[in-house]
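Worksheet for the structure shown next.
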There are 2 protein chains.
Amino acid sequence: MPSYGTGRKRSVEVIRNRASETLHARIKKRLLDNIVGGTWKPGAQVPIETELAASFGVSRMTMNKVLTQLSNEGYITRHKKRGTFVARPRSQSAVMEIASIREEVAALGERHRWSLLERAVRPLGPEERALLNPMVDAAADRLVVVRGVHFSGEVPFCHETRAINPRACPAALEQDFETVEPGQWLLDTVPWITAQHTIRAINASRAEARVLALDDGQACLEILRQTRTSADWVTTARLLYSGEAHQLVAQFGPGGRGNAP
Amino acid sequence: MPSYGTGRKRSVEVIRNRASETLHARIKKRLLDNIVGGTWKPGAQVPIETELAASFGVSRMTMNKVLTQLSNEGYITRHKKRGTFVARPRSQSAVMEIASIREEVAALGERHRWSLLERAVRPLGPEERALLNPMVDAAADRLVVVRGVHFSGEVPFCHETRAINPRACPAALEQDFETVEPGQWLLDTVPWITAQHTIRAINASRAEARVLALDDGQACLEILRQTRTSADWVTTARLLYSGEAHQLVAQFGPGGRGNAP
DNA sequence: TAGTGGTCTAGACCACTCC
DNA sequence: GAGTGGTCTAGACCACTAG
């Protein structure tokens, strides 16, 4: 049990036990539980540095290290004099600009429209399972399945096929997705998700070409987005972007983290 | 001019002047100059923490903060007892697995082969300029232009078109690229580059389809990789991956930096 | 065993911004 | 004006590993 300097005696929180993990790592996990678990809602104020330090029985420098890390990773925002707040999750990432389809279309000056094709609670069919290739346990027979098309102005440009895990997001069972786009709705409803993207180029099938008003065999960008919280998978979506009109931009530095110098 | 605690008097380095930027930010820049500028070669040992701290006239904690940041960003690696070393640049990123084509093919158990189609020192033609859409100043009339095909076993799978800036990399003028793949060679020769990727799906033109042994109009993944050091652009490459065989994987967390929780 | 990085503390000053 | 985060210091102990 490490105890540095003139370590405090008063046991304020049981955080100094079980060694083999650094103090700030353990404290960070505790705070992350509050943030990701939803105990601290997005926008809520976090106790001030000195208070947190006291409550965990650590020095302010140590607490500052934890909070600085959380801030760098985007979980909280900090302002002098005002305090520390739980961040509002942003739509994916500045590194990979594909983000919310709504924002993407708005940036082009066009009006975005979502058109629902199907909304059901059922297991996946065999083709859908092949498309989504999800971490979905094969036994999952109650999924919220959503299909629809995104329009930019009057032009269809993205066909979406999505499965939502009702265990991770029960609210999806009561949402009809008639007018709300499932991607944005999920971002607002289930914060703190992590997404993995797989990107391919494929030729549009006849059915897909019809939906997107393309010629048969036109090249499309297929993005498979698998989304999870730290605990469970939330949703798997296949976004098929029409033709050469859409592109992805990603920037990377030397490290392996995606940070530019 | 900030001077905290019992600040030292002995002027060891002129680093404590010009305020309005934090101490460790200025020190970090100095070290980065050495690393990126090539004064400290990849693999070389960096002075130990206490030495650096003394030479800049700062406390060890402050120096540690700088070194920890550089380590997190991938510029250096640190080992207890052994010391701190300038990192060897890795092939792009663990976030975005496309990396060196050589490694990619090797991972599939196939033999990689590079076949040169053209190597010249000349300005870009109009089509090439359209393809590469580079930050290349239009006036650049002495570029190293390389075209070739990557094979996996006996199957061609990637057509590469590349321009290299001889100002940023004079060694390219003396390299014939007959047997060495330009991407890997550049990584080994010009360390500490940053790359921006743009990804699209396009239909292969007739000429491209012939090179890649595809049918006309087959969907291909086009990756435009623009690479630069902090000072200048180094190379622009267009990699055309054949068909549905290749895909990209990228993972993102909430923050906007590309870090998973 | 000793060198090196990793972590922690208590105390201090500074700068920003809301009141 | 005063609360809050941002930064810096000097000193200390610990853990890992090369020799």
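Numbers restart at 1 for each chain; the letters A, B, ... are given by sequence-line order, proteins then strands.
- Closest contact between the side chain of B:Arg60 and the listed nucleotides D:dC8, D:dG5, C:dT7 involves C:dT7.
- Taking every side-chain heavy atom of A:Val58 into account, C:dT9 is the closest of C:dG6, D:dT17, C:dT9.
- When rounded to the nearest whole Å, the span between CG of B:Asn64 and C1' of D:dG11 equals 14 Å.
- What separates CD of A:Glu49 from P of C:dC8 is a distance of 15 Å, to the nearest Å.
- Residue A:Ser59 places none of its side-chain N or O atoms closer than 4.0 Å to OP1 or OP2 of C:dG11.
- The aromatic rings of B:Phe177 and B:Trp185 lie perpendicular to each other, with more than 60° between the two planes, well past the 30° mark.
- Looking at A:Glu181 and A:Arg162, no side-chain N of the basic residue comes within less than 4.0 Å of a carboxylate O on the acidic one, giving no salt bridge.
- For the atom pair A:Ser71 OG and A:Ile76 CD1, the distance stands at 5.5 Å (nearest 0.5 Å).
- For A:Glu51 and D:dT4, the CD to P distance is 8 Å, given to the nearest whole Å.
- Regarding contacts with the backbone of C:dC8, a side-chain N or O of A:His24 is found under 4.0 angstrom from either OP1 or OP2.
- Distance from the side chain of B:Met61 is smallest for C:dT9 among the nucleotides D:dG5, C:dT9, D:dC8.
- Closest to the B:Arg82 side chain, of the nucleotides C:dC18, D:dA18, D:dC8, is D:dA18.
- Nearer to the 5' terminus of DNA chain C, by closest-nucleotide assignment, is the contact made by B:Leu67 (compared with the other of A:Ala25 and B:Leu67).
- Between B:Leu32 atom CG and B:Tyr75 atom OH the span is 5.5 Å, to the nearest 0.5 Å.
- Rounded to an integer number of Å, the gap from A:Phe56 CZ to C:dT9 C1' is 18 Å.
- In this structure, of D:dG5, C:dG5, C:dT9, it is C:dG5 that holds the atom nearest to the side chain of B:Arg78.
- How far OG1 of A:Thr84 is from CD1 of A:Ile48: 9.0 Å, rounded to the nearest 0.5 Å.
- Ion pairing of A:Arg60 with A:Glu51 is absent here, as no side-chain N (NZ or NE/NH1/NH2) approaches a carboxylate O to less than 4.0 Å.
- Straight-line distance from the CD1 atom of B:Ile76 to the C1' atom of C:dT4: 13 Å, rounded to whole Å.
- The terminal axes of the helix from C:dT1-D:dA18 to C:dC18-D:dG1, fitted over 5 pairs per end, subtend an angle of 10° to the nearest 10°.
- Between the P atom of D:dC8 and the NZ atom of B:Lys28 lies a distance of 13 Å, rounded to the nearest Å.
- A 4.5 Å side-chain heavy-atom check between B:Val86 and B:Lys41 finds every atom pair outside the cut-off.
- Following rounding to the nearest Å, A:Arg26 (CZ) and C:dT7 (P) show an atom-to-atom distance of 12 Å.
- Atom CD1 of B:Ile27 and atom C1' of D:dT7 are 12 Å apart (whole Å).
- Between B:Thr84 and C:dG5, a side-chain N or O to OP1/OP2 separation shorter than 4.0 Å is present.
- Salt bridge A:Lys28/A:Glu73: present, at least one basic N to carboxylate O contact under 4.0 Å.
- The nucleotide whose nearest atom lies closest to any side-chain atom of B:Lys81 is, among C:dG5, D:dG6, D:dT17, D:dT17.
- Taking the side chain of A:Lys80 as heavy atoms from C-beta on, and the options C:dT9, C:dT4, C:dC16, the nearest nucleotide is C:dC16.
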